[in-house]
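The sequence lines fix the lettering, A, B, ..., with proteins before strands; numbering per chain opens at 1. All values below were derived from every heavy atom in this structure, side-chain atoms included, with hydrogens, water molecules and symmetry-related copies excluded.
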Amino acid sequence: MSEVPFERLIEMYAGELLGYLRRLTGSREDAEDCLQEAFLRAYRAFPSLRPDSNPRAWLYTIASRVAYSHGRRAARRRHALAGAAPLTSQRAQSAESQAEQAELLQAVRAFVRRLPHKQRAALVMRRYQGLGYEVIGEVLGCSPEAARASAYQALKKLRAHFAEEVSS
Amino acid sequence: MKREQRLGERDLQRWLGDSPGRPVRSALLEALDRILGESPKPEEAGEVLARVRQEIDQARPNVVYYDTFEGTPFGELHIAVSDRGVLALSLGRPLEEFLTHLKRWTGLTPRRDPGRVARAGRQVGEYLQGRRKSFDLPVDLRLLTPFQRRVLECISALAAGEVATYGQVAAWLGKPGAARAVGQALARNPVPLIVPCHRVLASDGSLGGYSGGQGPATKLRLLQMEGAPLPFPKGSAG
């Protein structure tokens, strides 16, 4: 069992993990459901958590698994929900460039959703959760090098996928 | 997207924070940041936390009482109950082992309370003497995983004298490939006898495992007592 009590642990990481799950699932509601399930799973597993293990990596691991199986269930019953979130740009833009940007956002959003779980998770953990590759590798069950490669794969795919549209 | 430049390896490394400096301006990477960069407000996580706390409160017992019964044909019997029902049962094993496990498993210190455990003790005692076929006792399975719970609820329907195989139970649950997982869930049954995991056999009809009492020998003895069709010894079927 970890040194930190369970209650304290989930308080410390709730906000961060909710952000992570939103980024992984692309949905506020799914993220909240996943976080709730992840914490309950963590609660059951907590007594067997080794004292020397990294509780942050442990919680990320559980959250990632929950999001993964949640995503597979959701994919099976999805009926094309392509709801783009409202734009929150402060700058005034011409209608044309705004429409163009909205289009790009929607396309990138769809791209992110189709990324393989591991690549999306690695990218999100690195860029938006500020985690190092040691921890990311621990979460994803691979070496730090493989974790790094996964994050880059996601970006290279993004670059390749949009190469034509962007340069035209 | 006129201002977009080609994103080089170095730009990606900078953007991921793997090498110093600012990455080039990129509509693609900005779009990614717009989609993924927003963080939830603290109070949003607070709502989830409140739900989790509530579920945990409902998900775990907050008291554990136990008692010990000697002189059964199978050795010492220990039973623990919570506010909701029988939480754990141990047959033919030392009390210390039972209490240590119980404490670790529930996070609570079990208190000896013969009054609260009497009903369960009487029924299980009668069963072990062959004077009872079924139980009228609530069980508390809150500390198990949903799958373990489903397995145990499913096999509770097996009456004395009946047997099933791990594979059959898996099929009943709609998971025909999960015989092994069923076996593992049964091996962790905290309330043997009351939830009759001894009535589930290996798929070839041989006895399979049993973690209570003296292991498979106890399983066989219970099945004989119940008049179940005797399992084939492993390998003797053909």
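Both the backbone and the side chain of B:Pro40 come within contact range of chain A, judged by heavy atoms closer than 4.5 Å. Contacts between A:Val108 and chain B at a heavy-atom distance below 4.5 Å involve backbone atoms as well as side-chain atoms. With a 4.5 Å cut-off on non-hydrogen atoms, A:Phe111 does not touch chain B at all. A:Tyr133 touches chain B through its side chain: at least one heavy atom from C-beta onward sits under 4.5 Å away, while N, CA, C and O do not. In this structure, the portion of A:Arg28 lying under 4.5 Å from any heavy atom of chain B is its side chain and not its backbone. With a 4.5 Å cut-off on non-hydrogen atoms, A:Glu7 touches chain B through its side chain but not through its backbone.
Side-chain polar atoms of A:Arg23 and B:Ser39 form a donor-acceptor pair below 3.5 angstrom. Side-chain atoms of A:Glu16 and A:Tyr60 form a donor-acceptor pair, as typed in the model, at a separation below 3.5 Å. No donor-acceptor contact under 3.5 angstrom links the side chains of B:Ser82 and B:Tyr65, judged on distance only. Side-chain atoms of B:Arg10 and B:Ser19 include a donor-acceptor pair closer than 3.5 Å.
No side-chain heavy atom of B:Phe69 sits under 4.5 Å from any side-chain heavy atom of B:Glu76.
At most 12 heavy atoms of other shown residues, nucleotides or ligands fall within 6.0 angstrom of atom CD in B:Gln214.
B:His78 places a side-chain N or O within donor-acceptor distance of the main-chain N or O of B:Arg93, the cut-off being under 3.5 Å.
Separation of the B:Tyr66 and B:Phe98 ring centroids does not fall under the 6.0 Å cut-off.
Ionic pairing of B:Glu153 and B:Arg150 is not present here: no N-O contact between side-chain nitrogen and carboxylate oxygen is shorter than 4.0 angstrom.
Using non-hydrogen atoms only and a strict 4.5 Å limit, the part of residues 45-53 of chain B facing chain A consists of B:Ala45, B:Val48, B:Leu49, B:Arg51, B:Val52, B:Arg53.
When each of A:Tyr20, A:Tyr152, A:Phe6 is scored by its heavy-atom pairs under 4.5 Å with chain B, the top score falls to A:Tyr152.
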